[in-house]
Asks: 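The following block contains the structure, expressed as structure tokens.
Just the heavy atoms: all of them, side chains too, but no hydrogens, waters or symmetry mates, feed the values below. Convention: sequence-line order gives letters A, B, ...; per-chain numbering from 1.
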Amino acid sequence: MNYSQNSENFFQLVYQVCREIPKGRATSYGTIAKYLGSGRSSRMVGWAMNNSHQQNPPVPAHRVVNRNGQLTGKIHFAHPKEMEILLKKEGIEVNHDKIVNFKTVFWDPIIELDIEI
DNA sequence: CGATTGACACCAA
DNA sequence: ATTGGTGCCAATC
């Protein structure tokens with residue numbers, strides 16, 4: 001089923017997946033998009049994140065970075081430092097707005113998760 | 001209503 | 001390895 005046609009569910013799925021990200025791990029926009037069925041609509045995931053601040057419960061958007069492990073979305077937080085702080089707090093090493101050993105902390109919902117969609 | 005803009009990713013040169 | 005162009009789809013201008 002391709003939920004990219006259903007933006008409401010698509011957004012909700014994005015939020016759901018984000019909340020399932022284990023502490024101390026991170027994933028990428030594109031991976032989530034692929035997991036939801038629209039592999040190249042990673043921008044929609046980003047847009048969903050933009051709206052994630054008004055979601056309840058809150059979405060741990062700091063665990064979602066781009067494919068390079070770069071904290072591109074930190075500027076959308078209340079305080080840009082917060083994203084890096086939160087990640088470090090969870091044991092993720094961050095250096096120059098980039099996750100260290102991203103390959104190690106990378107969390108792939110396609111493999112690790114199995115939400116029925 | 002058409003054009004532009006993204007918290008991205010992939011491909012070609 | 002780097003750079004530039006293209007695809008994706010919703011929101012905003």
Asks: Mind checking A:Ala61 for me? I need base, sugar-phosphate or nothing, with any heavy atom below 4.0 Å counting as a touch.
Replies: base
Asks: Quick one, which residues of residues 72-86 of chain A touch DNA chain B with a heavy atom under 4.0 Å?
Replies: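 The answer is A:Thr72, A:Gly73, A:His76, A:Phe77.
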Asks: Report the residues that fulfil salt bridge (charged side-chain N to carboxylate O under 4.0 Å, His left out) with A:Lys74, sequence neighbours left out, ordered by chain and then residue number.
Replies: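 Expected list: A:Asp97.
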Asks: For A:Asn50, report the nucleic acid contact type (base, sugar-phosphate, nothing); a contact means any heavy atom under 4.0 Å.
Replies: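 Base contact - A:Asn50 has a heavy atom under 4.0 Å of at least one base atom.
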Asks: Connecting only ILVMFWY residues whose side-chain heavy atoms lie within less than 4.5 Å of each other, what is the rest of A:Val105's hydrophobic cluster?
Replies: A:Val65, A:Leu71, A:Phe77, A:Met83, A:Leu87, A:Ile92, A:Val94, A:Ile99, A:Phe102, A:Phe106
Asks: Can you list everything that forms a side chain to side chain contact (heavy atoms under 4.5 Å, CB included) with A:Ile85? Sequence neighbours excluded, please.
Replies: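 Checked A:Ile85 against side chain to side chain contact (heavy atoms under 4.5 Å, CB included); matches are A:Lys81.
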Asks: For A:Thr27, which residues count as a side-chain hydrogen bond (donor to acceptor under 3.5 Å, both in side chains) partner, sequence neighbours excluded?
Replies: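 Here no residue qualifies.
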Asks: Under the side-chain hydrogen bond (donor to acceptor under 3.5 Å, both in side chains) rule, collect the residues that match up with A:Thr31, sequence neighbours excluded.
Replies: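 Checked A:Thr31 against side-chain hydrogen bond (donor to acceptor under 3.5 Å, both in side chains); matches are A:Ser28.
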Asks: Sorted by first residue and then second, give each salt bridge (Lys or Arg N to Asp or Glu O under 4.0 Å) pair with at least one member in residues 46-56 of chain A; sequence neighbours left out.
Replies: none
Asks: Distance check, C1' atoms only: B:dA7 and C:dT3, in whole angstrom units.
Replies: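 Comparing C1' positions in B:dA7 and C:dT3 gives a spacing of 22 Å.
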Asks: Minimum heavy-atom separation for A:Pro60 and A:Cys18, please, with both atom names.
Replies: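 Of all heavy-atom pairs spanning A:Pro60 and A:Cys18, the closest is CG-O, 3.3 Å.
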Asks: Under the rule for side-chain hydrogen bond (donor to acceptor under 3.5 Å, both in side chains), what residues qualify as partners of A:Glu84, not counting sequence neighbours?
Replies: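 A:Glu84 satisfies side-chain hydrogen bond (donor to acceptor under 3.5 Å, both in side chains) with A:Lys88 once adjacent residues are dropped.
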Asks: Does A:Ser28 reach a base, just sugar-phosphate, or nothing at all? Heavy atoms under 4.0 Å.
Replies: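 Result for A:Ser28 = sugar-phosphate.
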Asks: At under 4.0 Å between heavy atoms, what does A:His53 touch on the DNA or RNA strands: base, sugar-phosphate, or nothing?
Replies: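 Touches a base.
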Asks: Can you list the stems that DNA chain C is part of, where a stem is at least 3 pairs in a row, each Watson-Crick or G-U, with both distances below 3.5 Å?
Replies: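 Expected stems, ordered by start: B:2-6 with C:9-13, B:8-13 with C:2-7.
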Asks: Report the distance from atom CE of A:Met49 to atom P of C:dA10, rounded to the nearest whole Å.
Replies: 16 Å
Asks: Rounded to whole angstroms, how far apart are NZ on A:Lys34 and P on C:dC8?
Replies: 15 Å
Asks: According to side chain to side chain donor-acceptor pair (under 3.5 Å), does anything in residues 98-107 of chain A pair up with another residue at least two apart or in another chain? List the pairs.
Replies: none
Asks: Expressed as a whole number of angstroms, how long is the span from A:Phe11:CZ to C:dC8:C1'?
Replies: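 Value for this atom pair: 13 Å.
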Asks: Answer with base, sugar-phosphate or nothing: what part of the nucleic acid does A:Arg67 contact at a heavy-atom distance below 4.0 Å?
Replies: sugar-phosphate
Asks: When the P atoms of C:dG5 and B:dT5 are considered, how many whole Å apart are they?
Replies: 15 Å
Asks: What heavy-atom pair brings A:Ser52 and A:Ala61 nearest, and what distance separates the two atoms?
Replies: OG-CB, 4.1 Å
Asks: Under the salt bridge (Lys or Arg N to Asp or Glu O under 4.0 Å) definition, can you give me all pairs with a residue in residues 50-70 of chain A, not counting sequence neighbours?
Replies: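 Listed once each, the pairs are A:Arg63-A:Glu90.
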Asks: Quick one: how far along DNA chain B does chain A reach, first to last nucleotide 5' to 3', anything under 4.0 Å to a heavy atom?
Replies: B:dG6 to B:dC10
